[in-house]
Structure formats: C-alpha cells, structure tokens
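The figures here come from the full heavy-atom set of this structure, side chains too, leaving out hydrogens, waters and symmetry mates. Each residue takes its place number in the sequence, starting with 1.
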Amino acid sequence: MSKVLLLDCNDYDSVEEKIDEIFEAFPKEWKGKSVLVKPNMLNGRDPELGIITHPSIVKAVTKWLIDASANVIVGDNPSTSRPNANERCAKSSGIAEASLGCYKNLSQEPSAIEIKSRFTQKVVISKSVLEVDYLISLPKFKTHSLTQITGAIKNSFGFLIGGDKGRIHAVTGSYKNFVEAMVDIYQIRIPDLVIMDAVVGMEGNGPSSGTLRHIGKIIASDDGVAVDTVMTFMMGKNPSKMQMIEVARQRQIGETDIQKMQIVGKLETLKNFKMPSTFLSQFAGRIYNTQLLRSIIWLKPIIPEDKCKGCGVCADNCPANAMTMKDDYPLINRKLCIKCYCCQELCPNDAVELKRF
C-alpha cells in the first residue's frame with residue numbers, strides 16, 4: 001500500500017521541520033550513498049513567482065542529506081536551450097545557493113541511452129540520473145497547458161538534456177502522445193522519494209503563466225504516481241480521467257486509486273480550482289480526434305505586440321520550428337505549430353496568450 005504524507009505547511013519558513021518528518025516516514029540508509037536531488041527549475045525565474053520548486057525546500061532536503069552523511073548532487077536541466085542556461089537559471093532562481101555547494105550542471109554529462117517508447121529509440125539524459133544510488137524528485141504543485149498537470153511524472157522530463165526535450169515534443173506531436181512519452185521518461189529512473197512543493201501552487205494556465213494559489217501543504221511519498229493522483233484529486237478532477245495517470249495505471253508503476261492508499265493527513269479538494277483553458281479542448285479532442293476538429297477546437301498561441309519584449313526565447317525553443325523572429329517580433333507559422341505551448345511556458349515576460357480563433 002502506497003503511503004502519502006499530506007503535511008500542513010503554511011509558509012516556507014517552516015519547511016525544515018516538515019522535511020524531518022518526511023525522512024522519518026520514509027527511512028533509508030543514506031550514509032555514504034550518492035543522492036540526486038532533482039527540483040523543478042524550469043526557466044530559472046524568481047521563486048516568489050511560484051513557477052519553480054522553492055529554494056527553501058531544496059535547501060532543507062540538501063541539508064538533511066548532508067547531515068545524514070550522504071553524497072549529494074542537486075541538479076536539473078532547464079527547458080531553455082540557450083548557452084550557459086543551466087548555471088544562469090540555477091543562480092537566478094536561488095537554487096544554486098540553496099544547494100549548499102552541491103549544485104551540478106547536469107547538462108555537461110550527456111549520456112545517450114535506449115528507451116522503451118513508441119516515439120523514439122534513444123534519448124540523451126544526464127548520466128547522474130542512472131548512476132546515483134537514490135533519486136529524490138522535488139516537483140511543484142501546478143497545472144500545465146499541455147499535460148494539464150505537472151507533478152512527479154512530468155518533473156522527470158528534466159532528465160533530458162538540451163534539444164532532446166524539443167525533439168520529444170516534435171516526434172509526439174499531440175497531447176495524448178506526449179503524456180505517454182512523459183511516462184516513458186519517468187520509467188527511465190523512477191524516483192525513490194518524491195517531495196512536492198504545495199505550499200504555494202499554481203492554477204490556470206501553468207506551468208509559468210498561471211495564477212498563484214496558496215495550498216499550505218507538502219506532499220510526500222515513495223510513489224510518485226500516488227503523489228500525482230493525490231494532487232489531481234485536490235484539484236477537483238477525477239484522476240482516472242487524467243491521461244498521464246491513466247497511462248501509469250495501465251503500466252502498473254504506481255498507485256492511482258486513492259481508496260487503496262495510506263493517506264497521512266487531511267485530504268481535501270480545493271474549492272473552485274482552475275484548470276488550464278486548454279482543458280475542455282483537450283478533452284473534446286480525445287473524443288473527436290480528427291485533424292480538422294483539432295484545428296478548430298484547440299487553443300492557439302498568440303503574442304500581442306505590446307507585451308512582447310523581442311527576446312526570441314520562444315523562437316529559439318520552438319520544437320516544430322514554427323516561430324521566426326522578424327524585426328524583434330516572433331511570427332508563427334500556423335501550419336507548423338503543434339500546439340505544445342512551449343512558447344507560453346518559456347516566455348520570460350508572460351507575453352504568450354492561448355486563444356481560439
């Protein structure tokens with residue numbers, strides 16, 4: 001039976017005592033073991049924006065492991081592919097400092113491995129993911145415009161280095177295929193422990209353009225699928241209807257039935273929690289899955305000129321090469337756009353909007 005801890009934590013100043021409870025609930029022999037702590041760093045923005053795993057959680061976990069005489073590595077591969085992005089994102093997000101000298105640029109240790117997937121035979125991941133004794137995943141409680149949720153399973157997308165993330169978006173080409181690929185990547189190295197930052201979460205058009213929502217929880221388990229299931233339930237959605245969780249259920253890699261879990265703490269549904277604006281169109285798209293209907297009902301990215309700062313991040317990271325810069329403004333080729341919403345996710349100025357037109 002999968003055990004899930006729902007710990008009350010109203011602010012980030014009281015994180016450390018909660019981390020003690022988590023390690024006590026999920027004991028392991030940490031002394032002398034190598035441990036990779038994998039936060040969600042995304043694009044390295046200010047932690048107070050609620051986009052990344054808060055540095056206080058990274059710091060508390062790292063400190064606990066150091067005190068337990070573990071050999072700690074903290075690292076992630078942010079989604080942007082620009083030069084020196086890894087160190088820059090780690091520094092600007094506060095995660096480098098919170099790592100207490102244990103931060104490692106995982107993009108500098110690429111390893112091409114075979115993967116069981118319908119979409120690709122190989123992926124390039126960080127070598128440490130495979131070599132460490134333990135993997136601890138630190139996801140954020142958030143929505144996601146493409147995958148609907150971004151939790152423990154989606155956090156493992158950070159295993160991939162550089163352009164391989166864009167390649168997976170391109171070869172999958174649809175919501176249903178992409179979430180299946182997320183489970184493929186999660187299975188490369190299933191985390192030994194998941195500690196989710198749900199002190200402040202995000203609703204609406206996450207993972208970077210949504211609205212902050214105070215939740216006041218830290219969710220932990222040695223079953224990442226169970227954590228995502230609990231998160232989805234708290235969002236007010238039926239986990240069995242969430243495609244990513246359904247793929248995990250079919251593969252029997254974690255518990256997806258809340259009634260079969262050992263829940264420690266109070267599990268409640270958040271009132272009026274807002275899912276992404278893409279939620280209904282993706283649900284309809286799964287029922288009426290034709291190219292014509294998808295082109296009509298699925299939301300499309302638009303970029304108002306008065307909001308765009310001309311940085312070019314969206315064009316640099318478009319998996320389908322559907323965006324080009326002209327006079328410091330991105331132009332979108334609608335025929336090439338695969339509606340992965342990477343432009344919305346990575347825009348540092350929140351200039352990308354999703355609309356049906």
Side-chain angles (χ1 to χ4, degrees), residues 40 42-43 76-82 85 106-107 110-127 129-130 144-190 207 242-248 250-251 253 276 278 281-282 285-286 289-295 297-301 313-324 330 332-347 352 354:
N40 178 353
L42 191 61
N43 51 12
D76 188 17
N77 288 304
S79 295
T80 179
S81 60
R82 289 194 161 187
L106 298 182
S107 68
S111 177
I113 65 166
E114 293 185 357
I115 181 175
K116 293 181 180 179
S117 175
R118 295 194 299 121
F119 312 107
T120 184
Q121 294 182 333
K122 291 185 176 182
V123 291
V124 179
I125 71 167
S126 301
K127 187 168 59 174
V129 171
L130 298 177
H144 194 285
S145 292
L146 178 60
T147 60
Q148 298 304 314
I149 58 172
T150 177
I153 295 174
K154 182 67 169 57
N155 197 38
S156 292
F157 197 36
F159 293 169
L160 272 58
I161 293 179
D164 239 29
K165 290 181 181 177
R167 184 176 66 84
I168 295 300
H169 274 288
V171 299
T172 53
S174 72
Y175 158 75
K176 186 175 181 180
N177 289 343
F178 183 73
V179 296
E180 181 181 335
M182 291 302 93
V183 182
D184 295 337
I185 293 165
Y186 176 76
Q187 288 188 265
I188 292 173
R189 177 67 190 268
I190 293 177
M242 196 64 65
Q243 185 70 22
M244 194 183 305
I245 292 175
E246 174 58 17
V247 174
Q250 292 172 359
R251 298 186 186 181
I253 57 172
T278 55
S281 62
Q282 291 188 353
R286 295 199 297 273
N289 193 18
T290 68
Q291 188 66 34
L292 176 60
L293 285 171
R294 285 186 65 204
S295 67
I297 64 177
W298 280 52
L299 300 179
K300 303 168 181 65
V313 169
C314 56
D316 288 348
N317 293 279
C318 178
N321 295 316
M323 306 184 79
T324 54
I332 305 175
N333 184 330
R334 298 295 174 188
K335 293 182 179 179
L336 295 179
C337 178
I338 60 175
K339 303 175 186 67
C340 64
Y341 309 128
C342 287
C343 51
Q344 180 219 21
E345 177 177 336
L346 297 178
C347 178
V352 181
L354 303 180

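In this structure, the side chains of P301 and Q344 stay at 4.5 Å or more apart for every pair of heavy atoms. The side-chain heavy atoms of N77 and L160, taken from C-beta on, include no pair separated by under 4.5 Å. Residues R251 and D184 meet the side-chain proximity criterion, which asks for heavy atoms closer than 4.5 Å. In this structure, the side chains of K122 and S117 stay at 4.5 Å or more apart for every pair of heavy atoms. You'll find the side chain of V123 stays beyond 4.5 Å of the side chain of F159, heavy atoms only. Residues T120 and I115 have side chains in contact (heavy-atom distance under 4.5 Å, counting atoms from C-beta outward). The side-chain heavy atoms of V247 and I153, taken from C-beta on, include no pair separated by under 4.5 Å. Between Y175 and T278 there is no side-chain heavy-atom pair separated by less than 4.5 Å.
Remark: E180 CD to R118 CZ distance equals 4.0 Å, nearest 0.5 Å. The distance from atom CD of Q243 to atom CE of M182, rounded to the nearest 0.5 Å, is 13.0 Å. Here CG of N317 is found 10.5 Å from CE of M323. Values are rounded to the nearest 0.5 Å. In this structure, NZ in K339 is found 14.0 Å from OG in S145, a value given to the nearest 0.5 Å. Taking SG of C318 as the reference point, atom CD1 of I332 lies at 8.5 Å (rounded to 0.5 Å). Interatomic distance, Y341 OH to H144 NE2, rounded to the nearest 0.5 Å: 11.0 Å.
Listed for the T147 side chain is no donor-acceptor partner under 3.5 Å among the backbone atoms of T150. The backbone N or O of K335 sits less than 3.5 Å from a side-chain atom of N333, completing a donor-acceptor pair.
What you find for V313 and L346 is that their closest heavy atoms are CG1-O, 3.7 Å. Here the shortest heavy-atom pairing between S107 and S126 reads N-OG, 4.4 Å. Across all non-hydrogen atoms, the minimal contact from L42 to P207 is CD2-O, 4.1 Å. Scanning both residues, A320 and L336, for their nearest heavy atoms gives CB-O, 3.4 Å. In this structure, I185 and S156 approach most closely via the heavy-atom pair CG2-O, 3.4 Å. Closest non-hydrogen pair, V124 versus P110, comes out as CG1-CB, 3.7 Å.
Remark: L130 engages I113, I125, I188 in a side-chain contact (heavy atoms from CB on, under 4.5 Å) (not counting sequence neighbours). Partners of C340 according to the side-chain contact (heavy atoms from CB on, under 4.5 Å) rule, which considers only residues two or more places apart in sequence or in another chain, are L146, H169, P319, I338, C342.
Pairs passing the salt bridge (Lys or Arg N to Asp or Glu O under 4.0 Å) check and including a residue from residues 145-169, sequence neighbours excluded, read D164-R167.
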Discussion item. Assess the residue pair K116 and Q187 against the criterion (side chain to side chain contact (heavy atoms under 4.5 Å, CB included)); give the C-alpha distance rounded to whole Å, side-chain angles, the decisive distance to 0.1 Å, and a yes or no.
Written reply: CA-CA 9 Å; K116 293 181 180 179; Q187 288 188 265; over 6 Å; no
